[in-house]
Amino acid sequence: MMIVDEYLRFLHLDRRMALDVDLGPLQVHLHSRAVFFLWLTVAVLGAAGLAVLVARKPELVQKWRTWVLIAPVVGVPVWIGEGTTAVLAAGLAVTAVVEYARLVRLGRADTWVLLALAVLYPAAAWLRPEMLGFAPIVVLLCALPSVLGGDIEHGCRRTAFTAFGSVWICWSLAHLVMVWPDTYLMCFAVAATDVAAWCGGKGLRRMAWARRPLSPLSPNKTVGGLVGAVIGAFLILSVLGTLTVGLLIAVALGSVFGDLLESMLKRQAQVKDAGDWLPGFGGLLDRIDSLLVVLPLAYFLG
């Protein structure tokens, strides 16, 4: 009972911290959870940097450098406000759509539909959130290029992939705005859970049950990885002070399912990665595949 009481006390600690900077024209005076996330990110990246130096593996060094760049790219727009978070979501969605269109071999007209939605969905989430409820109608309208073009041979396939992309990428990333001001928290939790899943898969592989693949789509996604994801999500959400049953389900299970979902697309396309421009990860879709499932789940369950 004492352990439970101590845990609940830790969970409900005030995580607001102060940041006071006075450097001539630059004056920052904050007292918020955002400052806690800032220092937590710095601490985690610092600890990871030391571990990478000890390991001396080029792949890990590459990934760490990418993480150092990703943190401010995501953190600064979210810190500023909802409008800049919407711009961030649109930028991520446009980049992800380009990779997705190449992955599933979408034509120009269908790609332009997704590019438009990549901007419109985040804008709607910022200015008129209720508009996201029209997503099922938008899914149907994704058939327009095929219908108007009279594409009998490939129309159904084009429509299916365009409709799926509109939900999986454009609509999902709009929830970066919908979950604000907890956007950075969600991104941090998903990233940490991905690492925990990798550690679980590696650390428990000596046990036969842990080596069992969750799906033939990806032999590397195992029961051990799922266990690691659940434990990791529980720990990181506890540290962040936001643990709920719904959020734990969204982050842990959503992260694993998001990985498998992208694996299915890559298997069909017969490629290892969705891109090659993000050092250590491949493409943007390879980095945010978990987030694409977790965001809407977290919004509705968390």
Side-chain angles (χ1 to χ4, degrees), residues 34 37 69-104 106 109-142 144-145 161-191 247 250-251 254-255 258 261-262 265 274-275 277-278 281 283-302:
F37 296 148
L69 294 175
I70 287 175
V73 167
V74 174
V76 172
V78 172
W79 198 330
I80 294 173
E82 287 183 89
T84 47
T85 302
V87 173
L88 170 68
L92 293 176
V94 166
T95 306
V97 160
V98 171
E99 292 182 357
Y100 173 75
R102 190 185 306 120
L103 203 61
V104 300
L106 273 185
D110 303 295
T111 301
W112 276 109
V113 168
L114 289 183
L115 288 172
L117 293 175
V119 176
L120 292 174
Y121 267 129
W126 174 35
L127 302 172
R128 297 286 297 275
E130 65 274 11
M131 296 293 288
L132 265 64
F134 287 97
I137 297 174
V138 174
V139 166
L140 296 177
L141 293 178
C142 287
L144 275 177
F161 277 122
T162 306
F164 177 74
S166 75
V167 175
W168 185 49
I169 297 174
C170 309
W171 179 80
S172 290
L173 282 174
H175 286 78
L176 283 170
V177 185
M178 299 297 286
V179 301
W180 193 90
D182 293 322
T183 304
Y184 189 80
L185 180 152
M186 291 308 309
C187 294
F188 189 99
V190 171
L247 202 53
V251 174
S255 293
L261 195 56
E262 198 212 2
L265 293 172
W277 66 275
L278 198 60
F281 294 103
L284 181 65
L285 277 176
D286 301 306
R287 180 56 268 152
I288 65 169
D289 52 1
S290 297
L291 194 65
L292 293 176
V293 176
V294 172
L295 279 173
L297 279 178
Y299 178 73
F300 289 108
L301 298 179

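Residues take their numbers from the sequence shown, with the count starting at 1.
- A distance of 13.5 Å separates CH2 in Trp180 from CG in Leu88, rounded to the nearest 0.5 Å.
- Two residues are said to be in side-chain contact when any heavy atoms from C-beta on lie closer than 4.5 Å; Tyr299 and Met186 fail this criterion.
- Shortest non-hydrogen contact noted between Leu69 and Val73 is O-CG2, 3.2 Å.
- Remark: side-chain polar atoms of Glu99 are paired, donor with acceptor, to backbone N or O of Leu284 under 3.5 angstrom.
- Each salt bridge (Lys or Arg N to Asp or Glu O under 4.0 Å) pair with one or both residues in residues 291-302, not counting sequence neighbours, would appear here, but there are none.
- Closest heavy-atom contact between Leu132 and Ala124: CD1-CB, 3.9 Å.
- Using a 30° and 60° split on the angle between ring planes, His175 and Trp171 fall in the perpendicular class, above 60°.
- In Phe134, the CZ atom is not crowded: 12 or fewer heavy atoms of neighbouring residues, nucleotides or ligands sit closer than 6.0 Å.
- Remark: Asp110 CG to Ser166 OG distance equals 11.5 Å, nearest 0.5 Å.
- The only option from Leu285, Val94, Leu114 that meets the side chain to side chain contact (heavy atoms under 4.5 Å, CB included) definition with Ile169 turns out to be Leu285.
- Within the 4.5 Å cutoff, the side chain of Pro145 has no heavy atoms near those of the Thr162 side chain.
- Applying the side-chain hydrogen bond (donor to acceptor under 3.5 Å, both in side chains) criterion to Tyr100, with sequence neighbours excluded, gives no partner residue.
- Within a 6.0 Å radius of CH2 in Trp277, more than 12 heavy atoms belonging to other residues, nucleotides or ligands are found.
- With rounding to the nearest 0.5 angstrom, the SG atom of Cys187 is 11.0 Å from the CG atom of Asp182.
- Of all the heavy atoms in Pro77 and Thr85, the pair that sits closest is O-OG1, 3.6 Å.
- In terms of heavy atoms, Trp126 sits closest to Ala86 at CB-CB, 3.9 Å.
- Ser255 places no side-chain N or O within donor-acceptor distance of the main-chain N or O of Ser290, the cut-off being under 3.5 Å.
- For the pair Phe164 and Leu265, the minimum side-chain heavy-atom distance is below 4.5 Å.
- For the pair Leu173/Ile288, a side-chain contact is recorded, criterion being any heavy-atom separation below 4.5 Å from C-beta on.
- The CG atom of Leu292 sits 11.5 Å away from the CG atom of Leu297 when rounded to the nearest 0.5 Å.
- Closest approach of Leu103 and Ala274 over heavy atoms only: CD1-CA, 4.3 Å.
- Among all heavy-atom pairs drawn from Gly283 and Leu278, the shortest one is O-CD2, 3.9 Å.
- In this model, no donor atom of one side chain and acceptor atom of the other lie less than 3.5 Å apart for Trp168 and Glu262.
- Leu295 is listed as a side-chain neighbour of Leu176, based on a closest heavy-atom distance under 4.5 Å.
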